[in-house]
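The structure presented is a predicted model; accordingly, all values stated were derived computationally and were not measured.
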Amino acid sequence: MNPDIPEKFLKPYNPVEEESSIYKQWEESGYFTPENMIKDGLTKPDAEPFTIILPPPNVTGVLHMGHAMMLTVEDILIRYKRMSGFRTLWLPGTDHAAIATQSKVEKEIQKKEGKNRFDLGREELLKRVNAYAQQSHDTIVNQMKVMGASCDWTREAFTLDEARTKAVRTVFKKMYDDGIIYRGHRIVNWDTKGQTTISDDEIVYEEEKTKFYYFKYGPFVIGTARPETKFGDKYVVVHPEDERYAQYEHGQKMTVEWINGPIETTVIKDGMIDKEFGTGAMTITPWHSVADFEVAQKYNLDKEQIIDKYGKLLPIAGDFAGMKIKDAREKIVERLKEKGLFVKEEDYVHNIATAERTGGVIEPQVMLQWFIDVNKPFTLEHSTIDTIPSGSETTLKEIMRASVGTGQINIIPDYFTKTYFHWIDNLRDWCISRQIWYGHRIPVWYKGDEIYSGVDAPEGEGWEQDEDTLDTWFSSGMWTFSTLGWPEQTEDLKIYHPTSVLETGPDILFFWIARMILMTGYALGDIPFSTIYLHGLVRDAKGQKMSKSLGNAMDPLDIAAKYGTDAGRIALIVGTTPGTDSKISEEKIKGYKLFANKLWNVARFVLSNNTAASIDAPYTEADQAVLNEWNVTVASITKDIDDYKLHVAAESIYHFIWDTFANGILEDSKPLLASEDMTIALSRQRLLLALLTESITVLHPFMPFVTECIWQQLPATEGLLMTRPWPTS
RNA sequence: GCGCGGUUAGCUCAGAUGGUUAGAGCGCAGCAUUGACAUUGCUGAGGUCACAGGUUCGAUUCCUGUAUCGCGCACCA
């Protein structure tokens with residue numbers, strides 16, 4: 001036994017003791033910044049860049065296991081590429097997450113002080129939200145460091161900071177000038193609780209059991225689930241080929257008895273109606289239904305507002321004015337019964353739209369809002385998108401389609417490509433204005449009838465800025481290039497853009513990924529990244545979604561404290577495959593804590609059986625063969641990582657270390673190390689040290705802490721394992 | 001309704017561009033060991049790879065259909 005073995009190894013591996021000091025060493029080395037790697041000769045100056053821009057976590061609280069998954073996958077890729085000689089940048093940041101953050105703070109204020117945002121006023125609310133966001137930011141950054149994220153903190157960004165604001169306003173103005181951003185009266189999703197518009201993607205549908213009513217409407221019987229919206233219904237729609245209604249002409253007018261007395265109605269014949277549903281006849285409410293609105297636009301029909309912003313009936317409802325829609329429903333049915341217009345009712349299940357963040361019911365409303373036109377042709381001056389030549393006319397939809405369709409952007413797993421195209425096909429104009437206060441204020445100013453859009457406020461007196469803010473995805477859509485300094489033509493932008501990999505969960509494929517492709521295509525004529533890697537949702541041991549309310553959420557910090565970050569990281573990777581949900585349990589993580597300790601003991605054994613004389617000892621033929629086999633293993637692991645099969649790579653190195661190395665080679669070594677023949681003993685000593693060194697190098701991206709810790713105890717090593725070149729055979 | 005994915009050991013999941021005995025972790029049974037190991041090692045039991053057709057010399061793998069679970073989108077007023 002070698003008496004010089006470091007004291008550390010006399011005890012089991014203690015991750016908590018080692019991890020924070022190791023992270024500090026990495027951070028203080030400056031090597032998270034690629035330029036420092038070049039300066040010290042660890043990366044070649046002309047090395048190919050590899051860039052990941054971190055999907056910025058929302059400053060709404062703390063990181064959860066989904067974030068841990070994201071950070072682990074990205075850190076593995078980054079560490080691997082850094083070791084492989086790439087000019088590697090991982091740029092971190094956080095997202096102000098407008099509506100999510102504001103509604104969270106509003107809820108707290110409501111709970112503690114019983115006040116809403118209108119009681120506080122814009123300025124005071126923003127003060128509170130900013131304070132909360134700052135605190136949340138600090139927590140998040142700390143968590144990321146605990147998880148070992150090797151990102152370049154000198155480049156950290158925030159979606160609402162000064163540089164990003166400039167980028168946002170620059171794009172807004174350009175789109176405004178191109179006529180892609182327009183202001184108009186269109187039907188939007190109005191959140192009656194949050195008092196703001198939201199996008200189609202922020203709606204969640206909840207099943208609701210209700211009644212489906214049939215009423216007499218002149219000579220027709222119409223069906224509806226929402227009698228309370230029917231006051232202004234002056235149009236009855238039937239299918240042009242419906243023989244039951246063949247006797248009526250399109251545009252034919254008639255007077256019918258209705259809720260508050262007789263009204264004049266007009267027959268509309270359009271294919272939008274489903275002949276088989278109900279009676280095949282319905283009245284329409286263009287102000288409060290997307291489909292009805294479209295028919296109304298098509299035939300230039302009147303649109304009347306029935307429901308106000310708070311979900312109450314307007315004066316048009318006569319006796320029912322001021323009532324909440326749910327209360328009004330039964331009373332209206334009663335009225336129609338009294339008038340003898342009621343035919344029958346049926347049980348009915350349908351989905352009601354609610355707002356994801358506030359839970360409020362969505363009432364479609366026609367409102368004056370800002371939109372991005374996804375179908376409007378414009379000229380793209382400079383383009384590197386394969387099928388869109390520079391200077392040609394295109395649309396935002398076409399950019400989104402082309403970037404992925406040509407294979408310039410590759411999605412892993414590839415079956416999500418279909419989902420992506422399906423979404424684009426159904427995409428409508430994007431409503432970007434929000435009636436909340438936390439976020440990028442719309443860079444538009446008004447003075448009388450004049451409208452001005454620009455990066456800065458216009459000169460002169462009397463200009464008022466638009467009260468609304470932008471949808472949070474407007475700014476996060478620019479994240480891959482706004483973080484690199486755009487609109488300035490920075491070195492960073494030249495070197496690191498387009499980025500290499502965008503890694504995130506499939507739940508924000510549309511919210512975010514598609515918007516990044518849109519924004520980057522528009523602003524730069526380029527793709528934002530060449531590979532999209534989608535990880536699955538992290539669920540608990542029973543397969544349930546982790547959530548605070550279920551009490552099954554795991555805190556990555558607790559995991560780190562109990563089992564070590566390394567164990568948590570590799571447990572998230574092994575046995576999971578891109579795009580597929582995975583389950584994580586403490587049992588699984590515990591298993592990898594044992595693995596860290598196993599490795600620790602391997603190191604102890606190797607070091608205690610190593611002597612200086614073995615350094616240049618020639619390998620025996622048998623030992624050379626062992627080394628050759630290891631090289632085959634390395635090559636296969638390398639290929640797996642290159643193919644983004646991280647789960648396979650992680651399992652391979654785990655098996656090599658535990659089964660092949662510890663249980664096989666170490667056991668076989670015992671007699672060899674004791675051999676009288678020094679060529680055999682020294683060769684074996686050298687082999688063991690070499691295999692230990694190489695295997696911790698390959699394991700490093702997956703379990704960075706324990707490997708770095710062992711590396712620094714090895715004889716004749718200098719510098720950090722983090723910057724050691726990846727083994728090539 | 002349309003689309004996508006899953007169905008492999010008791011549990012959680014990998015994997016095979018079609019080819020002898022289909023893998024891992026956990027769990028289980030037996031044996032060994034106090035050691036490099038807050039243990040670990042060895043051995044073992046356990047699988048018609050959802051079901052039915054088809055293609056093929058050969059299918060768990062490819063194709064079609066069915067069942068079932070999950071997800072996404074669209075929604076019927």
*How would you label the contact of Ala291(A) with the nucleic acid (heavy atoms, under 4.0 Å): base, sugar-phosphate, or nothing?*
sugar-phosphate
*Any residue meeting side chain to side chain contact (heavy atoms under 4.5 Å, CB included) with Ser683(A), in chain and number order, not counting sequence neighbours*: Tyr619(A), Thr620(A), Asp623(A)
*Taking the side chain as C-beta and beyond, is there a heavy-atom pair between Phe320(A) and Ile306(A) under 4.5 Å?*
no
_Separation between the P atoms of G53(B) and G15(B), rounded to whole Å_ = 29 Å
*Expressed in angstrom and rounded to an integer, what is the separation of Phe416(A) atom CZ from G3(B) atom C1'?*
12 Å
*Expressed in whole Å, how much space separates the P atoms belonging to U66(B) and U56(B)?*
23 Å
*On the 0 to 90° scale, with breaks at 30° and 60°, tag the Phe215(A)-Tyr213(A) ring pair as parallel, tilted or perpendicular.*
parallel
*Gap between atoms CE and P, on Met272(A) and C76(B) respectively (whole Å)*: 8 Å
*Checking all strands, does Arg539(A) fall into the base, sugar-phosphate, or nothing category for heavy-atom contacts under 4.0 angstrom?*
nothing
*asked:* Taking the P atom in each of G41(B) and G47(B), what is the distance between them to the nearest angstrom?
replied: 26 Å
*Would you mind reading off the distance between Ile362(A) atom CD1 and A74(B) atom P, rounded to a whole angstrom?*
14 Å
*asked:* Distance check, C1' atoms only: U60(B) and U21(B), in whole angstrom units.
replied: 15 Å
*Report the residue (Val602(A) or Thr279(A)) whose heavy-atom-nearest nucleotide on RNA chain B is the more 5′ of the two.*
Val602(A)
*Counting only N and O atoms by type, is there a donor-acceptor contact under 3.5 Å from the side chain of Asp640(A) to the main-chain atoms of Lys645(A)?*
no
Identify the pairs formed between an N or O of the protein and an N or O of nucleotides 40-42 of chain B at a distance under 3.5 Å, and give each distance.
| from | atom 1 | to | atom 2 | distance (Å) |
| --- | --- | --- | --- | --- |
| U40(B) | O3' | Lys598(A) | NZ | 3.4 |
| G41(B) | OP1 | Trp658(A) | NE1 | 2.4 |
| G41(B) | OP1 | Asn663(A) | OD1 | 3.4 |
| G41(B) | OP1 | Asn663(A) | ND2 | 3.1 |

*Less than 6.0 Å separating the ring centroids of Tyr248(A) and Phe220(A)?*
yes
*Listed by chain and number, what are the side chain to side chain contact (heavy atoms under 4.5 Å, CB included) partners of Thr229(A), not counting sequence neighbours?*
Arg226(A), Thr285(A), Ile307(A)
*Which part of the nucleic acid, if any, lies within contact of Thr229(A), taking any heavy atom under 4.0 Å across all strands shown: a base, the sugar-phosphate backbone alone, or nothing?*
nothing
_The criterion is side-chain hydrogen bond (donor to acceptor under 3.5 Å, both in side chains); which residues satisfy it with Glu503(A), sequence neighbours excluded?_
His535(A)
*Mind checking Leu666(A) for me? I need base, sugar-phosphate or nothing, with any heavy atom below 4.0 Å counting as a touch.*
base
*Can you find a side-chain donor-acceptor pair between Ser199(A) and Glu202(A) that sits under 3.5 Å?*
yes
*In terms of the nearest nucleotide of RNA chain B, which residue is placed more toward the 5' end: Gly280(A) or Gly591(A)?*
Gly591(A)
_Touch class at under 4.0 angstrom, heavy-atom based, for Asp274(A) against every strand present_ = base
*Report yes or no: do Thr72(A) and Arg569(A) form a side-chain donor-acceptor pair below 3.5 Å?*
no
*Taking only the side-chain heavy atoms of Ala662(A) (C-beta and beyond), determine which of G25(B), A36(B), C76(B) contains the nearest atom.*
A36(B)
Taking only N/O atoms, report every protein-nucleotides 5-10 of chain B pair under 3.5 Å with atom names and distance.
none

*How would RNA chain B look in dot-bracket form, 5' to 3', counting Watson-Crick and G-U wobble pairs with both distances under 3.5 Å and writing | for bases paired to another strand?*
(((((((..((((.....[...)))).(((((.......))))).....(((((..]....))))))))))))....
*Just jot down the salt bridge (charged side-chain N to carboxylate O under 4.0 Å, His left out) partners of Asp242(A), sequence neighbours excluded, or say none.*
Arg244(A)
*For Pro671(A), which residues count as a side chain to side chain contact (heavy atoms under 4.5 Å, CB included) partner, sequence neighbours excluded?*
none
*Euclidean distance, atom CG of residue Asp540(A) to atom C1' of U12(B) [Å, nearest integer]*: 12 Å
*Grab the CD1-P distance between Ile424(A) and A74(B) for me, whole Å please.*
14 Å
*Please report, rounded to the nearest Å, how far the P atom of C73(B) is from the CG atom of Asp200(A).*
10 Å
*asked:* I'd like the P distance from G3(B) over to U17(B), given in whole Å.
replied: 28 Å
*For U55(B) versus A59(B), give the span between their P atoms, rounded off to a whole number of Å.*
11 Å
Polar-atom pairs under 3.5 Å, protein N or O versus N or O of nucleotides 15-17 of chain B: list them with distances, or write none.
| from | atom 1 | to | atom 2 | distance (Å) |
| --- | --- | --- | --- | --- |
| G15(B) | OP1 | His647(A) | NE2 | 3.0 |

*Using the P atom in both, what is the distance from U43(B) to C26(B), to the nearest Å?*
15 Å
*Out of A36(B), G25(B), C76(B), which nucleotide sits closest to the side chain of Phe212(A)?*
C76(B)
_P gap between A52(B) and U8(B), integer Å_ = 15 Å
*Tell me, please, which residues at least two apart from Tyr299(A) pass ring-ring contact (aromatic ring centres under 6.0 Å, His included).*
His250(A)
*Checking all strands, does Lys670(A) fall into the base, sugar-phosphate, or nothing category for heavy-atom contacts under 4.0 angstrom?*
base
_Tell me the interatomic distance from Lys593(A), atom NZ, to C26(B), atom P, rounded to whole angstroms._
16 Å
*If you look at every strand shown and take non-hydrogen atoms under 4.0 Å, does Glu587(A) touch a base, only sugar-phosphate, or nothing?*
nothing
*So, Tyr654(A) versus Phe595(A), ring centres under 6.0 angstrom or not?*
yes
*Tell me whether the centres of the aromatic rings in Trp258(A) and Phe231(A) are closer together than 6.0 Å.*
no
_Separation of atom CD1 in Ile284(A) from atom C1' in C76(B), rounded to whole Å_ = 15 Å
Let me have the donor-acceptor pairs involving side chains of residues 411-424 of chain A, under 3.5 Å, with sequence neighbours excluded, atom names and distances please.
| from | atom 1 | to | atom 2 | distance (Å) |
| --- | --- | --- | --- | --- |
| Thr417(A) | OG1 | Asp414(A) | O | 2.7 |
| Tyr420(A) | OH | Met400(A) | O | 2.8 |
| Trp423(A) | NE1 | Asp201(A) | OD1 | 3.3 |

*Partner set under side chain to side chain contact (heavy atoms under 4.5 Å, CB included) for Lys303(A), not counting sequence neighbours*: Pro286(A), Trp287(A), Phe293(A), Ala296(A), Gln297(A)
